[in-house]
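Below is one structure, written out as structure tokens; comments come after it.
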Amino acid sequence: MNVGIITVSDRASAGEYEDHGGPALREAAHGYKWEVSAEAIVPDDESRIQEAITSFEAQGCGLILTTGGTGIARRDVTPEAIRSIMRIEVPGFGEVMRARSMEITPNSILSRSLAAVVGRALVIALPGKPSGAVECLGFVRGAIDHGVKLAQRVPTSC
């Protein structure tokens, strides 16, 4: 599976601090035996997030993971960026990520993590905290392969 990873952060994209979320997701992806074929760091800007997602989908990424911009701060716009270009939202991903994360931290209720199909890619918006991003990815890992196949319109047996 070809994976694209997008870190959404004003400060990391400006070089003000080192990105830790993208590398954490890359390591997790490699652990799942996925090939990371595209990576980007973009600011908290809807159009830049959308450009990265559509570019990665056009490059053949069947799974696109974003980290950051899913909270409720003024600059957190990742869910809005995804929703305005998605074909369909897959609410179960966000529901499971929040429910399982509540066992770890009560602040997870503030997360707006989600999954959606954009073009032929499954896009999963994960928290910005590296450990939270990797944990949430693990919570939904079991449905990802099938979800990507459906997004790519590959025949499945269920």
Side-chain angles (χ1 to χ4, degrees), residues 1-90 93-94 96-98 100-101 104-105 107-108 110-141 143-145 147-148 151-152:
M1 176 176 345
N2 284 327
V3 178
I5 298 173
I6 303 167
T7 297
V8 180
S9 168
D10 286 332
R11 293 181 293 160
S13 68
E16 294 175 16
Y17 76 83
E18 185 178 351
D19 171 32
H20 296 285
L25 286 176
R26 182 183 332 107
E27 184 177 327
H30 289 155
Y32 294 133
K33 308 292 188 240
W34 297 336
E35 180 181 332
V36 177
S37 56
E39 295 184 70
I41 302 172
V42 300
D44 292 273
D45 176 84
E46 285 188 52
S47 63
R48 296 285 302 277
I49 296 165
Q50 292 166 347
E51 289 168 10
I53 291 170
T54 56
S55 172
F56 287 4
E57 188 271 337
Q59 293 173 46
C61 293
L63 175 63
I64 300 170
L65 306 173
T66 70
T67 177
T70 60
I72 61 170
R74 179 178 212 111
R75 297 282 298 157
D76 290 336
V77 296
T78 302
E80 289 76 17
I82 294 169
R83 283 188 175 113
S84 68
I85 60 171
M86 72 182 187
R87 181 169 57 84
I88 189 168
E89 186 167 349
V90 189
F93 280 80
V96 167
M97 289 187 282
R98 276 182 291 283
R100 295 283 306 274
S101 295
I104 300 167
T105 176
N107 290 336
S108 65
L110 300 172
S111 172
R112 298 181 307 127
S113 293
L114 62 88
V117 176
V118 175
R120 289 181 169 229
L122 178 64
V123 179
I124 304 175
L126 299 160
K129 183 177 178 185
S131 61
V134 171
E135 288 166 352
C136 284
L137 182 62
F139 297 153
V140 297
R141 168 65 183 102
I144 290 175
D145 291 337
V148 169
Q152 293 185 323

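Not measured: the values here are computed from a predicted model.
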- request: List for me each residue that meets side-chain hydrogen bond (donor to acceptor under 3.5 Å, both in side chains) alongside Gln59, sequence neighbours excluded, and say none if there are none.
  value: Ser55
- request: Supply the atom-to-atom distance Ile124 CD1 to Arg141 CZ, rounded to the nearest 0.5 angstrom.
  value: 9.5 Å
task: Locate the shortest heavy-atom distance separating Ala38 from Cys61; write the atom from each residue and the value.
output: CB-SG, 4.1 Å
message: Taking side-chain hydrogen bond (donor to acceptor under 3.5 Å, both in side chains) as the definition, give me every residue that meets it alongside Asp45, ordered by chain and number, with sequence neighbours left out.
response: Ser47
query: For Arg83, which residues count as a side-chain hydrogen bond (donor to acceptor under 3.5 Å, both in side chains) partner, sequence neighbours excluded?
result: Glu89
- prompt: Is there a side chain to side chain contact (heavy atoms under 4.5 Å, CB included) between Leu65 and Thr67 once you walk through the steps?
  reply: CA-CA 7 Å; Leu65 306 173; Thr67 177; over 6 Å; no
Spatial distance of atom CZ (Phe56) from atom CG (Leu63) [nearest 0.5 Å]: 12.0 Å
- request: With sequence neighbours left out, write down each residue that passes side-chain contact (heavy atoms from CB on, under 4.5 Å) with Thr54, or none if nothing qualifies.
  value: Ile85
query: Do you know the tightest heavy-atom contact between Ser113 and Ala125?
result: CB-O, 3.1 Å
query: Are any non-hydrogen side-chain atoms of Met97 and Ser111 less than 4.5 angstrom apart?
result: no
message: Once side-chain contact (heavy atoms from CB on, under 4.5 Å) is applied, do any residues pair with Asp19, and if so which ones, sequence neighbours excluded?
response: Thr7, Ala12, Pro23, Ile41
- line: Here the pair of heavy atoms bringing Ser37 nearest to Asn2 is OG-CB, 3.7 Å
field: Residues that Glu27 engages under salt bridge (charged side-chain N to carboxylate O under 4.0 Å, His left out), provided they are two or more places apart
entry: none
statement: Value for CD1 (Ile64) from CD (Glu57), rounded to nearest 0.5 Å, stands at 6.5 Å
message: Using a 3.5 Å distance criterion without hydrogens, assess whether the side chain of Arg100 forms a donor-acceptor pair with backbone atoms of Cys136.
response: no
Separation between CG of Leu110 and OG1 of Thr70, rounded to the nearest 0.5 Å: 10.0 Å
query: Please, which pairs that meet salt bridge (Lys or Arg N to Asp or Glu O under 4.0 Å) have at least one residue in residues 113-123, sequence neighbours excluded?
result: none
- request: Check side-chain hydrogen bond (donor to acceptor under 3.5 Å, both in side chains) between Arg26 and all other residues, then give those that pass, not counting sequence neighbours.
  value: Glu39
query: Is the count of non-hydrogen atoms from other residues, nucleotides or ligands lying under 6.0 Å from Ile104 atom CD1 greater than 12?
result: yes
statement: Nearest heavy-atom contact between Ser84 and Ala81 is OG-O, 3.1 Å
Partners passing salt bridge (charged side-chain N to carboxylate O under 4.0 Å, His left out) against Arg87 (at least two apart in sequence or in another chain): none
message: Checking Ala116 now: which residues fulfil side-chain contact (heavy atoms from CB on, under 4.5 Å) with it, not counting sequence neighbours?
response: Ile82, Met86, Leu114
task: Give, for atom CD1 of Ile6 and atom OG of Ser13, the distance between the pair rounded to the nearest 0.5 Å.
output: 13.0 Å
Pairs flagged by ring pair (Phe, Tyr, Trp, His ring centres under 6.0 Å) wherever residues 12-32 is involved - sequence neighbours left out: Tyr32-Trp34
query: Is the shortest heavy-atom distance from the side chain of Ile144 to the side chain of Leu137 under 4.5 Å?
result: yes
From NZ (Lys129) to OG1 (Thr105), nearest 0.5 Å: 7.0 Å
Heavy-atom pair of closest approach, residues Leu122 and Ala115: CD1-CB, 4.4 Å
- line: side chain to side chain donor-acceptor pair (under 3.5 Å) pairs touching residues 72-82, sequence neighbours excluded, are Asp10-Arg75, Glu80-Arg112
